[in-house]
Amino acid sequence: MSNPLARTSVAIIVAEQTALSLPLFQILKDNGYSVEWLESPELILSVLEDKTPDFVFLDHTMVDMDIGEYSQRIYDEPSSPYTRILSIGYCPDEATMIRMFDKGISEHIDCKTSATELTNRISNIIKAYNDEMRINHMAYHDALTGLPNRLLLIDRIEHAVSRAERQNKKVALLLLDLDQFKLVNDTLGHEVGDELIAEVALRLKGQVGGLDTVARIGGDEFIILLESIDSPADAAVKALGINEILTVPFNINGDELHVTASIGIALSPNDGKSIGRLMKHADTAMYKAKESGRNRFCFYQVSMAEHISDRLSLSNDLYQALKNDEFVVYYQPQVEAATGYITGMEALVRWQHPDRGLVSPAAFLPLAEENGLIVSISDSVLEKSCQQMSEWRSKGISVPHIAVNISTKHFYNIDLVARVKELLKKCGLKGSDITLEITETTAMNSPEEIIPILNELKSLGVGLAIDDFGTGHSSLAYLKRFPIDTLKIDRAFVMDLATDTDDEKIVIGILSLGKVFSMKVVAEGVETLEQATLLLNHNCKVIQGYLFSRPVDATHMGKLLKAGRLLPEQTQTKSNIFRMGVVN
Ligand code: C2E
Ligand code: CA
Ligand code: CA
């Protein structure tokens, strides 16, 4: 891909004598330069406002002109760190030469030479400069987007902070991270991901002013450095503008992609003057923006730091926990509503923490989902469930199927089919002994990718359930194509079943959908006899919830399995369920 941010080369000649500067002007033009010819040195600074010259040729003999002073001012311009300043004219005396080199003039071009020699000399200078620039560009820019990379950014921040200090202004660092970008890579492939990143870079570049820097510092992370701002409000306006321009969908290979970003803002001097602190604080604020619902910006606040260090230590603890095998599997029975017979169970992970005791998945799975540990955790749950099943069976306990939850990442990060085959073989199980639960959102996000995998699992006999059904955006067209055998009605609809007629309608709808597509329906989160009775009246045959049993450890589950049949834990005797003979 060509560098979208490439620009034309610019040279400035500051000279009065045309005899001296005309050949130079022509040579530069012939080399593709856009040349500004100034008659007076004071004009340089106004040109620098909207142009970054590669070369400035100064006539050292110009009256009243202190070359050194101008070269210093050019070098002070933030936009011209690579500008090469050369002096031109007839040979200056030794003292002037020393003074010029001291002030940053890189070389002197003697114009007394022949036209051929001059052309040669200038061509060599341009070539050397271009070679150096190319190497510099590679070292300081990101290959994909052409944006400054971390190295160059650090340099710019350093300069910006000290300049702002002198001018009594502020610098803002906006750390931008695309929301759920990994999903794009996972589902549409890295090439699409790369193109999207390049497009985002272009939009960001278009959104920030000439003085400000947009850098790419990692996969989907960018930093926007705003120089010389007066107040936090300036940074907020910029961040709002960025969120806004990203709302226009991206068209990548004919696909319309919607992208949002979370932005964390740190300001110098208030949030720190060192690069390390500013970057760290912007990062903290960015995480806060993610946690608050993404697609927004957030300023750094001191109180955030504690929270982040909690997250970090939790992240480390999770790795440790996996190594120490601290994840245990609890099982929650699924029960035939009319009889209380156990028809299956769901495996639910818990973390047996050495200090904190039993930790619920809600406290660590979101982070595990983010850092990818979810795959290893769910995999260990799958393995333990299979081993447990064969252990129960070897003791003569009859066990119907076990349902295991798998996350989106499972479909992309490991060969799920091969792993399931391996475990079934190792534990002497049939495919139909296990069911895999995928959430509705997982299924609907990338149906084309996962349908073939589901079909392969299906051909092994493995049961497939859609979890939390009703909370996502299922498309009926896809539902028909999914080889799914079970729909699980989300707890949210069961909860108010008795009081909310809308929820009741949804439940009835899901049940008839199940009937049309010949799928089993399991209602989750059934806590009361009233809910169970209503479900039964609507012909929902299998229920799971605290009413019959909370998730319990393997030993306890073994006992329940031996009994084979459960009683509701509540004893409100008036319920239908009793008349139907569930409880003796
Ligand atoms: P889920 O798959 O929807 O699992 C059902 C959740 O509802 C479980 O929460 C269960 O304990 C809870 N529950 C069951 N009956 C009742 C009830 O009557 N009332 C109430 N209030 N809650 C009930 P848990 O165990 O905290 O798990 C939460 C979620 O974490 C699960 O939701 C599942 O999405 C995820 N999860 C759990 N274990 C695993 C795992 O091994 N792998 C993956 N990928 N996700 C898991
Ligand atoms: Ca589940
Ligand atoms: Ca569920």
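In each ligand, atom 1 is the first atom listed, and ligand 1 is the first ligand listed. Not measured: the values here are computed from a predicted model.
At a heavy-atom cutoff of 4.0 Å, ligand 1 is contacted by no atom of Arg550, backbone or side chain. The side chain of Arg491, and not its backbone, has at least one atom closer than 4.0 Å to an atom of ligand 1 (non-hydrogen atoms only; side chain from C-beta on). Counting heavy atoms under 4.0 Å from ligand 1, residue Ser360 does not touch it at all. Only side-chain heavy atoms of Asp467 come within less than 4.0 Å of ligand 1; its backbone N, CA, C and O stay farther off.
Cation-pi contact between Arg350 and Phe364: absent, since separation from the ring centre below 6.0 Å together with deviation from the ring axis within 45° is not met.
Not one N, O or S atom of Thr439 sits under 3.0 Å from the Ca ion (ligand 2).
Ligand 1 places these atoms under 4.0 Å from at least one heavy atom of Val381: 41 (O). Close approach to Pro551 involves these atoms of ligand 1, each under 4.0 Å from a residue heavy atom: 11 (O). Distances below 4.0 Å separate heavy atoms of Gly525 from the following atoms of ligand 1: 15 (N), 16 (C), 17 (C), 18 (O). Short contacts between ligand 1 and Val526, defined as distances under 4.0 Å to a heavy atom of the residue, involve ligand atoms 18 (O). Within ligand 1, the atoms closer than 4.0 Å to a non-hydrogen atom of Glu527 are 17 (C), 18 (O), 19 (N), 20 (C), 21 (N), numbered from 1 in the order shown. Ligand 1 places these atoms under 4.0 Å from at least one heavy atom of Asp468: 3 (O).
Asp467 contributes atom OD2 as its closest N/O/S atom to the Ca ion (ligand 2). Glu437 contributes OE1 as its N, O or S atom closest to the Ca ion (ligand 2). Among heteroatoms of the N, O or S kind in Glu346, OE2 lies nearest the Ca ion (ligand 2).
Note on residues 539-559: no pairs pass salt bridge (Lys or Arg N to Asp or Glu O under 4.0 Å), not counting sequence neighbours.
Taking each of Val349, Val329, Thr408, Asp490 in turn, the one with a heavy atom nearest to atom 39 (C) of ligand 1 proves to be Val349. Closest heavy-atom approach to atom 35 (C) of ligand 1 within the set Ile377, Leu547, Leu365, Asn405: this belongs to Leu365. Considering Tyr546, Phe327, Tyr330, Phe364 only, the shortest heavy-atom separation from atom 16 (C) of ligand 1 involves Tyr546.
Residues Gln387 and Glu391 form no side-chain contact, since every pair of their non-hydrogen atoms from C-beta on lies 4.5 Å or further apart.
Counted by atom type alone, Gln207 and Lys238 present zero donor-acceptor pairs between their side chains at under 3.5 Å. Remark: the Glu199 side chain and the Asn251 side chain contain no N/O donor-acceptor pair separated by less than 3.5 Å. Residues Asp142 and Thr145 have side chains that bring a donor and an acceptor to within less than 3.5 angstrom of each other. Checking Gln544 against Gln332 by side-chain atom types alone, a donor-acceptor pair falls below 3.5 Å. With hydrogens and angles left out, the side-chain atoms of Asp179 and Thr260 include a donor and acceptor closer than 3.5 Å. Checked by atom type, the side-chain pair Glu336/Thr339 shows a donor-acceptor distance below 3.5 Å.
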>> Apply side-chain contact (heavy atoms from CB on, under 4.5 Å) to residues Val526 and Tyr546 and explain how you reach the verdict.
In response: CA-CA 6 Å; Val526 181; Tyr546 294 173; over 6 Å; no
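Taking distance alone, with nitrogen or oxygen atoms compared against 3.5 Å, Gly545 stays at or beyond that limit from ligand 1.
Summarising the local packing, CZ of Phe250 is surrounded by more than 12 heavy atoms from other residues, nucleotides or ligands at distances under 6.0 Å. With a 6.0 Å radius and a threshold of 12 heavy atoms from other residues, nucleotides or ligands, Arg419 has its CZ atom above the threshold.
At least one heavy atom of Arg350 lies less than 4.0 angstrom from ligand 1.
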